[in-house]
Amino acid sequence: MRLSADIVLIGARILTWSEEVPEAEAVALGQGRILAVGLKAEAIGFAGPETRIIDLEGRRVLPGFTDSHSHLASVGSRLSSLDLGDASSLEELQGKLLEVVRTREPGEWILGRNWDESGWPVRRYPLRTDLDRVAPHNPVALMRVDGHMAVANSQTLERLPLEGLVGVERDRDGNPTGILKEEAAQAVLDATRPDIDQIADGIRRMIRKAHSLGITAIHDIVDRREVAAYLRIHRRADLMLRVNLMISSEELPNLLGGGFSSGLGGQHLRLGPIKAFLDGSLGARTAALLQDFEDEPGNPGRLMSSEEEMFKLIREAAGAGFQLALHAIGDRGIEVALRGLSRVDCEGKRHRIEHLELPSDENLRVAKRLGIVASMQPNFIGKWGRPGGLYEERLGVERMRRNNPLRLVLDEGIQLAFGSDHMPFSPLFGVHWAVNAPFENQRLSAEEALRCYTQTPAYASFEEGLKGTIEPGKLADLVVLEKDPLQYTERIEEIPVYMTIFDGRIVYEGA
Ligand SMILES: [Zn+2]
């Protein structure tokens, strides 16, 4: 007996990314899979009495988006913290903080996130004293948008055991300024950790948000508690997102010798790569550069650990059968990442470099030879890469123009997967900035950019046989867009998501 479809979409303009039928007008979905794609008559052939037939009236359909670099569990679990993303000056940040202070008892923690001084009239980090002024009696810690840095007030500095940690910035007299980078910023996060219930709740809320953005899969960077939260949701069979877990390298000792390796799991939850930091960020001036930061002479950033320690980690993880995902932003960080990877077997392993912001031409050739997947964030170009923006300030004009060279990466023949890093969480915002990037060596066509958010992420997680294209037998994960990004190339970020289908079910419908 022929399987009948649950849903048939007709009147659609489908980009399938398949070689045989690149464009189609109809698709039949049943039992969570794509049954047929092509002409209306072919798809309707799968309709039975129960089938829902939906006429999309010429709307664009694509494979569901995959965000290849997300922190969904971590962001979700901190949703209740103060969002400072829209504070457009230090005074506004202080005002928002004061509002929260008024609702809290003295001594209660106040956490904030997402501040970004790069668009403020006075571009300087907020300091301890700025926070003390409005919050003298509560411990306050506010994470910068890049997650590599926080500012804390005096109450927090008194409570946290920060002695001996790298990244506690001090003034000339040796007093902490409140700025906490990398390790020290992590200590704040550790001290204020949500429990597994809170994490699971946050994940559920973030999944609804993901659906509204057309996202049906993510590669999520997690620690063991976040894995536990995902497993809890998965056991109840309500994980409505495909999650490729990128395990933080601190967990590697717990995994070694346990028979774990990348690929374990199924279509919903899958053990992916080990994610390790080689360097920091440009925003926090901690990315490892070959030359100093333009706006901080004498500081070329730094590696997060010695090369030897890094190579040991790479060897151990690769030896146990793990794919690697190495965070490397600065030209020096990227060089060390590639050197480390060239010491292990890369054949068919699809090791990844996360961000890859400032690669040299030679780096790209080596990456290609090693079969490295470039996991990049085109949204960074829109947020900080425009002339006069943060990257120009940190790197100077010449290096700013070489930053995020998406075009060169693709032209080199490197597999390029896009993610958001939640700055902001939105594939179409990213696609927009890949297409409308200021420099030629960054700019992609809309089709190329959309593939980087659909097809290549599936390759990056070894799932190209399951998803990433719209072909019979593949998972029924689709996004329907209100307008065609191939035509509205100058306004891609504004295109509303019309419908998101996950596992053959409609999980989001736009207003
Ligand atoms: Zn990240």
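Model, not experiment: these values are computed from the prediction. Start at 1 and go down the list; that is how both ligands and their atoms are numbered.
Evaluation of the ring-ring contact (aromatic ring centres under 6.0 Å, His included) test over residues 177-209, restricted to residues two or more places apart or in two chains, returns none. Residues in residues 243-262 take part in these salt bridge (Lys or Arg N to Asp or Glu O under 4.0 Å) pairs, two or more places apart or across chains: Arg224-Glu251. Identified under the side chain to side chain donor-acceptor pair (under 3.5 Å) test for residues 196-205, with sequence neighbours left out: Asp197-Arg232.
At a threshold of 4.0 Å, the pair Glu117-Arg144 counts as salt-bridged, since one of the basic side-chain nitrogens sits closer than that to a carboxylate oxygen. Between Arg365 and Glu362 there is a salt bridge, with a side-chain nitrogen of the basic residue lying less than 4.0 Å from a carboxylate oxygen of the acidic one.
Panel detail: the Zn ion (ligand 1) has protein N, O or S atoms under 2.8 Å away, 3 in number.
Using bins of under 30°, 30° to 60° and over 60° for the plane-to-plane angle, the ring pair His355/His327 lands in the perpendicular bin.
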